[in-house]
Amino acid sequence: MSGAPARTLLLWCPDWPVLAAEIVDGVPATDPVAVLHANRVVACSERARAEGVRRGLRRREAQGRCPQLTVVDHDPARDARAFEPVVAAVEEVVAGVEVIRPGACALAARGPSRYLGGEEAAAERIVEHVAQTCAVESQVGIADGVFAAGLAARDGRLVPPGGTPEFLAGLPVEALGRPTLTDLLRRLGVRTLGDFAALPAGDVLARFGFDGALAHRLAAGRDHRPLAVRQPPADLTVTADHDEPIDRVDAAAFAARTLAEQLHERLAAHGLACTRLGIEAVTAHGQELHRVWRHDGLLTAAAIADRVRWQLDGWLSGSNGRGGARPARPTAGIIRLRLVPDGVLAQAGLQPGLWGETGEERERAHRALSRVQGILGPEAVVTAVLGGGRSPADQVRLVPWGDERLPARPGPPPLPTAEPPPPAAAPERAVSTRSRASAPAPPWPGRIPPPAPAVVLPTPLPAAVHDAAGEPVVVSARLAVSAAPARLTVGTGRPAEIAGWVGPWPVDERWWAPAEACRRARFQVCLADGAALLLAVEGGQWLVEAIYD
């Protein structure tokens with residue numbers, strides 16, 4: 001917080017929330033428009049100001065002054081999205097831009113002024129480039145420090161070096177943008193920034209606190225921090241335009257190989273690797289195609305080329321999908337192909353796979369599974385994700401190969417590896433959870449204790465449990481077992497002797513929603529032939545839910 005503030009150039013777009021509403025939502029900024037937050041006006045168009053609308057007015061009062069007023073809700077995300085192209089346009093002329101807020105960005109004035117022939121020439125060049133690139137009107141202010149440059153931008157002024165304290169001295173205290181502090185200063189007779197800056201710093205801190213001390217520094221022309229410039233992201237996208245439309249798979253394969261090598265070389269030059277690849281294509285008739293491929297390892301040049309070739313093959317040939325459905329074939333050949341590295345990371349930032357380093361065998365398995373998905377669809381190859389829950393079926397969720405491996409319920413943390421467990425061939429197959437049984441998980445009252453069953457049945461099998469006298473075993477509402485289970489009959493099979501059992505583990509889930517309520521008790525039983533089963537009784541009916549090894 002010490003030292004003289006640096007010369008700062010600040011670009012300001014007046015009424016930016018109104019312009020953002022026009023850019024994103026199509027609300028004409030030339031009409032009377034007001035942006036409201038918490039039922040108060042935070043920004044308005046020039047025509048609305050001509051009708052008497054001002055910031056801080058309540059909605060009803062603003063509409064009373066201007067009956068034809070168009071009201072728009074304040075959306076900071078919309079403002080930020082619309083302002084990003086403006087920042088990118090500024091970065092095309094100069095480097096080291098800091099976004100102050102949507103509608104205002106700042107940068108050190110020394111570099112642009114020396115390169116473009118002076119501060120005034122730099123300001124004109126930036127304003128002109130933003131207008132030509134984004135069709136947005138803007139103003140530039142240059143002063144010592146961000147705060148003073150922002151106030152100078154309101155009038156499009158270039159404050160000479162060393163003249164910032166004098167420039168600020170004549171401004172009203174409302175320029176601080178702190179209504180509570182401003183009201184108190186007004187009542188104390190402090191009306192300008194010069195009057196406020198003349199007060200002793202120690203007295204200001206004691207009377208107004210840290211925020212008042214910060215405002216006191218700004219009023220005196222001293223910034224509280226240097227610029228926090230951002231580094232513009234590197235453009236890693238590769239694009240290929242073709243004069244002759246590509247409508248054959250062999251030509252598409254050649255184009256895919258060339259473009260994949262270009263993308264891999266560009267990523268390698270920045271020390272990056274791709275984990276999620278966006279493939280975009282434009283046909284001769286203007287049809288736009290897009291697909292994202294995810295990979296849990298590092299996409300090599302060959303892997304990128306394979307995925308591009310598979311995707312182009314699927315688009316151009318219209319491979320049969322599941323159930324006989326046939327994807328729509330493009331109406332014309334492809335004239336533009338674009339690869340977008342949607343997910344990148346440092347090339348050394350990925351941990352080895354669960355079964356060792358990335359090698360030819362694992363890469364071949366990834367390619368084969370991805371190829372199956374390209375032909376049959378994403379749901380054709382699935383992997384198991386372990387999560388939370390009380391039953392084994394709740395703890396396992398099947399997700400398509402390559403998708404985000406997020407559990408449906410809070411459960412154990414993901415394994416520290418880049419390689420998921422082997423996939424199942426179809427979502428209806430029984431799921432093995434034995435290899436994940438020892439993973440820690442948050443407490444779930446009523447959860448079956450380890451070990452986890454080896455096979456979870458997709459549909460529980462009906463069963464019957466009898467005691468030694470041949471009477472059905474029942475469980476009361478107070479979880480009292482009528483007799484020790486002695487024989488188990490699964491479906492229409494032969495009865496089997498029960499050598500041991502333990503339980504019950506009661507579960508009473510979602511009792512507040514009658515349509516989703518589940519009240520059951522679970523038992524682990526060991527049969528005389530060595531088989532172990534997980535049983536559940538619900539509404540008097542016994543079920544076999546899972547099988548242990």
Side-chain angles (χ1 to χ4, degrees), residues 249 253 256 260 273-279 289-300 302-328 342-343 350-387 392-409 411-412 414-415 417-436 439 452 454-459:
V249 175
C274 181
T275 61
R276 193 168 60 249
L277 176 67
I279 305 174
L289 307 173
H290 179 74
R291 184 76 67 189
V292 175
W293 287 76
R294 187 187 301 274
H295 186 63
D296 288 295
L298 299 179
L299 284 171
T300 62
I304 295 174
D306 286 340
R307 282 151 181 79
V308 178
R309 187 180 74 252
W310 297 337
Q311 189 59 62
L312 294 177
D313 186 7
W315 281 335
L316 295 175
S317 62
S319 302
N320 286 327
R322 304 183 74 180
R326 195 175 186 85
D342 191 37
L350 190 65
Q351 294 182 353
L354 182 61
W355 297 284
E357 298 287 347
T358 301
E360 181 180 354
E361 296 298 327
R362 191 165 73 92
E363 178 61 25
R364 186 164 58 183
H366 278 284
R367 293 171 59 187
L369 295 171
S370 300
R371 177 60 170 159
V372 173
Q373 283 186 313
I375 298 175
L376 302 180
E379 299 293 337
V381 183
V382 295
T383 59
V385 179
L386 189 66
D394 294 337
Q395 297 167 23
V396 178
R397 172 173 173 258
L398 295 175
V399 299
W401 173 263
D403 281 8
E404 291 285 352
R405 299 175 46 77
L406 300 176
R409 302 184 178 189
L415 293 179
T417 176
E419 181 176 316
E428 294 298 326
R429 296 279 297 273
V431 180
S432 174
T433 61
R434 176 175 47 194
S435 62
R436 309 287 292 276
V455 178
V456 179
L457 301 177
T459 303

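In this chain, numbering begins with 1 at the start of the sequence shown. In what follows, every heavy atom counts, from backbone to side chain, and hydrogens, waters and symmetry copies are set aside. Please read these numbers as outputs of a predicted model, since none were measured by experiment.
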List the residues meeting salt bridge (charged side-chain N to carboxylate O under 4.0 Å, His left out) with R291, not counting sequence neighbours, and say none if there are none. none
Would you say V308 and Q311 make side-chain contact, with heavy atoms under 4.5 Å? no
Please report the closest heavy-atom contact between G278 and H290, naming both atoms and the distance. CA-CE1, 4.4 Å
If every non-hydrogen atom of A260 is compared with every non-hydrogen atom of A305, which pair is closest and at what distance? CB-N, 3.5 Å
